[in-house]
Novice: 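What follows is a single structure, and I will ask about it in a moment.
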Amino acid sequence: MFKGSYHPKAFLIRTKNVKQGLITRTKIASTIESGLLTTKELSTRSSVRYSSVLHHLHLMEDESIVEKEGKRPYLWRLTGTGQKRLTDR
């Protein structure tokens with residue numbers, strides 16, 4: 001069971017924000033905050049299956065919350081788009 005709040009960038013506009021998706025995207029967004037990571041590294045560090053990480057990254061990419069950098073294997077990073085924490089300015 002997930003306890004705590006969701007990462008602000010886990011919320012999507014065009015997709016229904018169900019609890020499990022929010023939990024997974026929160027893990028991904030929190031892990032990406034530590035630096036540029038490949039999908040495989042994200043999967044390992046966030047303890048989420050590779051296919052699930054890739055699925056959620058593509059959903060987040062469609063809403064410009066994350067973006068790819070470089071050539072394969074792509075490095076993922078958070079953009080300035082999306083909701084922000086009240087402490088972020």
Side-chain angles (χ1 to χ4, degrees):
M1 175 71 69
F2 181 78
K3 294 184 180 180
S5 60
Y6 302 113
H7 192 283
K9 296 202 182 259
F11 292 92
L12 302 177
I13 295 169
R14 297 182 211 127
T15 305
K16 187 173 182 181
N17 291 299
V18 294
K19 185 176 180 179
Q20 190 58 47
L22 286 170
I23 292 169
T24 303
R25 287 190 297 275
T26 296
K27 289 179 182 178
I28 293 168
S30 298
T31 306
I32 291 178
E33 283 182 334
S34 66
L36 296 173
L37 298 169
T38 64
T39 309
K40 187 175 183 178
E41 292 169 334
L42 278 169
S43 174
T44 312
R45 291 186 188 184
S46 63
S47 302
V48 178
R49 290 180 307 157
Y50 180 88
S51 59
S52 295
V53 169
L54 198 56
H55 170 73
H56 286 285
L57 283 172
H58 287 294
L59 289 175
M60 294 167 79
E61 184 182 29
D62 288 343
E63 297 197 16
S64 301
I65 296 171
V66 295
E67 66 182 8
K68 298 183 241 186
E69 277 192 13
K71 296 182 179 178
R72 286 187 177 173
Y74 298 115
L75 297 173
W76 293 91
R77 71 177 188 91
L78 291 172
T79 64
T81 309
Q83 296 185 26
K84 294 183 173 59
R85 291 189 173 111
L86 291 176
T87 58
D88 296 343
R89 292 186 181 195

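Only heavy atoms go into these numbers, but all of them, side chains included; no hydrogens, no water, no symmetry mates.
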Novice: Using the side chain to side chain contact (heavy atoms under 4.5 Å, CB included) rule, take Thr24 and His55 through it: C-alpha gap first, then chi angles, then the decisive distance, then the call.
Specialist: CA-CA 10 Å; Thr24 303; His55 170 73; over 6 Å; no
Novice: Working to the nearest 0.5 angstrom, can you tell me the gap between Met60 CE and Thr15 OG1?
Specialist: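 The OG1 atom of Thr15 is 11.0 Å from CE of Met60, to the nearest 0.5 Å.
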Novice: What verdict does the side chain to side chain contact (heavy atoms under 4.5 Å, CB included) test give for Tyr6 and Lys19, after you've listed the backbone C-alpha separation in whole Å, the side-chain angles of each residue and the deciding distance to 0.1 Å?
Specialist: CA-CA 9 Å; Tyr6 302 113; Lys19 185 176 180 179; 3.5 Å; yes
Novice: As an exercise, state the distance from OH of Tyr50 to CD of Glu41, rounded to the nearest 0.5 Å.
Specialist: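 These two atoms lie 11.0 Å from each other.
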Novice: Check whether any side-chain heavy atom of Glu63 sits under 4.5 Å from a side-chain heavy atom of Arg14, and report yes or no.
Specialist: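 Yes, close enough: below the 4.5 Å cut-off.
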Novice: Assess whether side chain to side chain contact (heavy atoms under 4.5 Å, CB included) is satisfied between Leu59 and Leu12, documenting all intermediate values.
Specialist: CA-CA 8 Å; Leu59 289 175; Leu12 302 177; 3.9 Å; yes
Novice: Any chance you could measure Ile32, atom CD1, to Thr79, atom OG1, to the nearest 0.5 Å?
Specialist: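 Separation between the atoms: 10.0 Å.
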Novice: Going by the rule side chain to side chain donor-acceptor pair (under 3.5 Å), which residues pair with Ser52 if we only count those two or more places apart in sequence or in a different chain?
Specialist: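 Result, side chain to side chain donor-acceptor pair (under 3.5 Å) vs Ser52: Arg49.
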Novice: OG of Ser43 to CG of Leu57: how many Å apart, nearest 0.5 Å?
Specialist: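 These two atoms lie 10.0 Å from each other.
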Novice: Could you tell me whether the side chains of Trp76 and Thr39 share a donor-acceptor contact shorter than 3.5 Å?
Specialist: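 Distance-only check passes for Trp76 and Thr39.
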Novice: Nearest 0.5 angstrom please: Phe11 CZ to Thr26 OG1, how far?
Specialist: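 Reported value, rounded in 0.5 Å steps: 7.0 Å.
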Novice: Quick one: are Glu69 and Arg77 in side-chain contact, heavy atoms under 4.5 Å?
Specialist: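 Sidechains of Arg77 and Glu69: in contact.
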Novice: Taking Ile23 as the starting point, is it possible to reach Leu54 by hopping between hydrophobic residues whose side chains are less than 4.5 Å apart?
Specialist: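 No, because Leu54 and Ile23 fall into different hydrophobic clusters, even though each may have its own neighbours under 4.5 Å.
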Novice: Before giving the answer on side chain to side chain contact (heavy atoms under 4.5 Å, CB included), spell out for Lys68 and Leu75 the whole-Å C-alpha distance, their side-chain angles and the decisive distance to 0.1 Å.
Specialist: CA-CA 6 Å; Lys68 298 183 241 186; Leu75 297 173; over 6 Å; no
Novice: Roughly how far, to the nearest 0.5 Å, is CG of Leu78 from OG of Ser64?
Specialist: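 That separation rounds to 12.5 Å.
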